Amino acid sequence: MSDSAELILEGKSYALPIVVGTENEKAIDINALRAQTGHITIDSGYKNTGATQSAITYLDGELGVLHYRGYSIEQLAAKSNFIEVAYLLIYGELPTQHELTHFNEQISKRTLIHENFRTLLSAYPADAHPMAILASMICSLTAFHPDSLDPNLTEEQIDLNITRLLGKITTIAAWSYKHAVGKPFVYPKKSLDYCSNFLQMMFSNPTENYHVNPVVVDALNKLLILHADHEQNCSTSTVRLVGSSNASLFGSISAGVNALWGPLHGGANQEVIEMLEAIKADGGDSKKWIDKAKDKNDPFRLMGFGHRVYKNFDPRAKIIKAACDNILYNLGVKDPILEIAKQLEEAALTDPYFVERKLYPNVDFYSGIIYKAIGLPKEMFTVMFAIGRLPGWIAQWKEMRENKEPIGRPRQIYTGQTAREYVDIKNR
Ligand code: CMC
């Protein structure tokens, strides 16, 4: 088999090396292309561009396969918990019991945030979107921990920032919710596991005892695991790109949070519930909304459908759909929008428009229904995605740094005016 591709350009032949991954994915290496030929490549949306070589997550969009460090998402969702998966993504191997206990301790002892964050929070309007608060507060961590700005940190110092971030994100998220509803902030409890602690900070209040429901903890662990990494998606590429300038971990991840917020990315989970509620309020006629999504003169898209990479099914959506019925049953929740979601899915999957374009429900389609059943307001859904994606962002930032990747700086083909003389304002 040839280990190079031949490019014939302006009558000259160039051999371009082939890179092969461990799962036999293949790429043409164009690192020397511009130097050798004077040409660059154009690939809007980076549909064919591999920005890096990464050992973290493998996915096959045609077969619906998703692996973290070689372990299938199905096995991890069934057998693991979020912190164990976070360790796996960040450090490359499943932890021993000792390593896991130590990691948990390091995270839980850093869940407190500086008291001045209360003052910062109080300055936000009550209806501020919690993603705006999350992005700003994560960036603000650089101000409270200025040591994190040093681009030459040791491994231990980086580990410290990693556990700081994993610990503090749940407190920031829960407090942004408490601020929105005008209820007292609840402090983290070291005695609780990661998900239970988050739930008690969200839902307990000083006047009552709060019982953490194990069904909810289990559901939360599953959802966070399923969101934990997804190779070079928009927010992860953002984290790597920002980090490639030697920006701090907190600064890079704050940028990732903003990228995630967009409705075509993580923001879709909030949009899905809003769409399902709108369909319900409109009489529940899913066909009418499918027709709207197909109408090229209508900007409406069926939220929670389609994926840049998955063209068969999204394995995360499959697991979440199965979990959804179970969780709603165990929580005793009957939500009519689940029925609408199922009708919509069924109708869309048999409609030639969706079949031809290989548009299937993605991870965001059913996750919101579970979050809603747990009692989370829809503005918090994308925040939950961010908490889940955090270990992936951290792992990718760390890998980019360890691989000493150069600063990310794409090129362009200029299509504007050619050189012209400045015209004085009175002559324009
Ligand atoms: N509803 C209706 N039509 C759609 C949809 C949709 N949700 N998604 C794609 N299409 C159509 C699109 O109009 C285009 O049609 P045509 O070929 O006639 O022009 C065709 O399908 C291909 O779409 P595309 O926009 O070129 O595909 P993409 O790979 O650039 O976009 C996507 C992927 C996820 C942005 C898109 O499918 C979408 O907007 N989906 C809705 C938003 C959503 O659910 N996002 C969450 C993604 S999963 C979570 C995450 O990882 O972020």
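Everything numeric in this text was worked out from a predicted model, so none of it was measured. Numbering of ligands and ligand atoms starts at 1, following listing order. Below, each value reflects all heavy atoms present in this structure, side chains not excepted, and no hydrogens, waters or symmetry copies.
Given atom 34 (C) of ligand 1, the protein heavy atom at minimum distance is Gly306 O, 3.6 Å. Taking atom 10 (N) of ligand 1 as the reference point, the nearest protein heavy-atom neighbour is Leu359 CD1, 3.7 Å. Nearest protein heavy-atom contact of atom 29 (O) of ligand 1 is Arg308 NE, 2.8 Å. In this structure, the protein non-hydrogen atom closest to atom 1 (N) of ligand 1 is Leu302 N, 3.1 Å. Residue, atom and distance of the protein heavy atom nearest to atom 40 (N) of ligand 1 are Phe305 O, 2.9 Å. When only non-hydrogen protein atoms are considered, atom 42 (C) of ligand 1 lies nearest to Met303 CE, 3.5 Å. Protein heavy atom closest to atom 20 (C) of ligand 1, with residue, atom name and distance, is Arg357 CD, 3.7 Å. In this structure, the protein non-hydrogen atom closest to atom 52 (O) of ligand 1 is His265 ND1, 2.5 Å.
Separation of atoms CG (Leu390) and NZ (Lys168) is listed at 13.0 Å; rounding is to 0.5 Å. A distance of 4.0 Å separates CE in Met202 from CE in Met380, rounded to the nearest 0.5 Å. With values rounded to the nearest 0.5 angstrom, Lys280 atom NZ is found 10.5 Å from Leu276 atom CG. In this structure, Cys324 SG and Ile369 CD1 are separated by 5.0 Å, a value rounded to the nearest 0.5 Å.
Aromatic pair Tyr360/Tyr310: ring centres not closer than 6.0 Å. A ring-centre distance under 6.0 Å is not found for His114 and His145. If you look at Trp397 and Phe250, their ring centroids are not closer than 6.0 Å. Taking the six-membered ring for Trp, Tyr58 and Tyr68 have ring centres at least 6.0 Å apart.
Closest heavy-atom contact between Thr171 and Pro188: OG1-CG, 4.1 Å. Considering all non-hydrogen atoms of both residues, Ile273 and Lys378 come closest at CG2-CD, 4.2 Å.
Ligand 1 has no N or O atom lying under 3.5 Å from any N or O atom of Arg316, backbone or side chain. Remark: ligand 1 and Val363 share no N or O pair separated by less than 3.5 Å (distance only, no angle test). No N or O atom of Asp364 sits closer than 3.5 Å to an N or O atom of ligand 1. In terms of polar-atom proximity, Phe354 is not counted as a contact of ligand 1, lacking any N or O under 3.5 Å from an N or O of the ligand.
Atom CD of Gln157 sits in a crowded spot, with more than 12 heavy atoms from other residues, nucleotides or ligands closer than 6.0 Å.
Taking a cut-off of under 4.0 Å to the non-hydrogen atoms of Ala268, the atoms of ligand 1 that pass are 43 (C), 44 (O), 45 (N), 46 (C). Residue contact check: Gly266 has heavy atoms under 4.0 Å from atoms 52 (O) of ligand 1. Taking a cut-off of under 4.0 Å to the non-hydrogen atoms of Gly304, the atoms of ligand 1 that pass are 43 (C), 44 (O). Within the listing of ligand 1, atoms 2 (C) sit less than 4.0 angstrom from a heavy atom of Ala293. With ligand atoms numbered from 1 in the order given, ligand 1 contributes 2 (C), 3 (N), 4 (C), 11 (C), 13 (O) to contacts under 4.0 Å with heavy atoms of Tyr353.
A cation-pi arrangement is not found for Lys178 relative to Trp175, the charged atom failing to lie both closer than 6.0 Å to the ring centre and inside a 45° cone about the ring normal. A cation-pi arrangement, defined by a distance under 6.0 Å to the six-membered ring centre and an angle within 45 degrees of its axis, is absent between Arg389 and Phe385.
Residue contacts with ligand 1 do not include His230, since none of its heavy atoms lies under 4.0 Å from the ligand. The closest approach between a heavy atom of Asn233 and any atom of ligand 1 is not below 4.0 Å.
The closest non-hydrogen atom to atom 38 (C) of ligand 1, taken over Arg389, Glu356, Lys311, Arg301, comes from Arg301. Across Glu271, Lys294, Lys296, heavy-atom proximity to atom 16 (P) of ligand 1 is greatest for Lys296.
Proximity of Leu264 to ligand 1, defined as any heavy-atom pair under 4.0 Å, is shared by backbone and side chain alike.
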| request: Decide ring-ring contact (aromatic ring centres under 6.0 Å, His included) for His307 and His230; before the verdict, give the C-alpha distance in whole Å, the side-chain angles of both, and the deciding distance to 0.1 Å. | output: CA-CA 12 Å; His307 198 276; His230 212 235; 5.3 Å; yes
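Protein heavy atoms come within 4.0 Å of atom 50 (C) of ligand 1. Counting protein heavy atoms under 4.0 angstrom from atom 27 (O) of ligand 1 gives zero.
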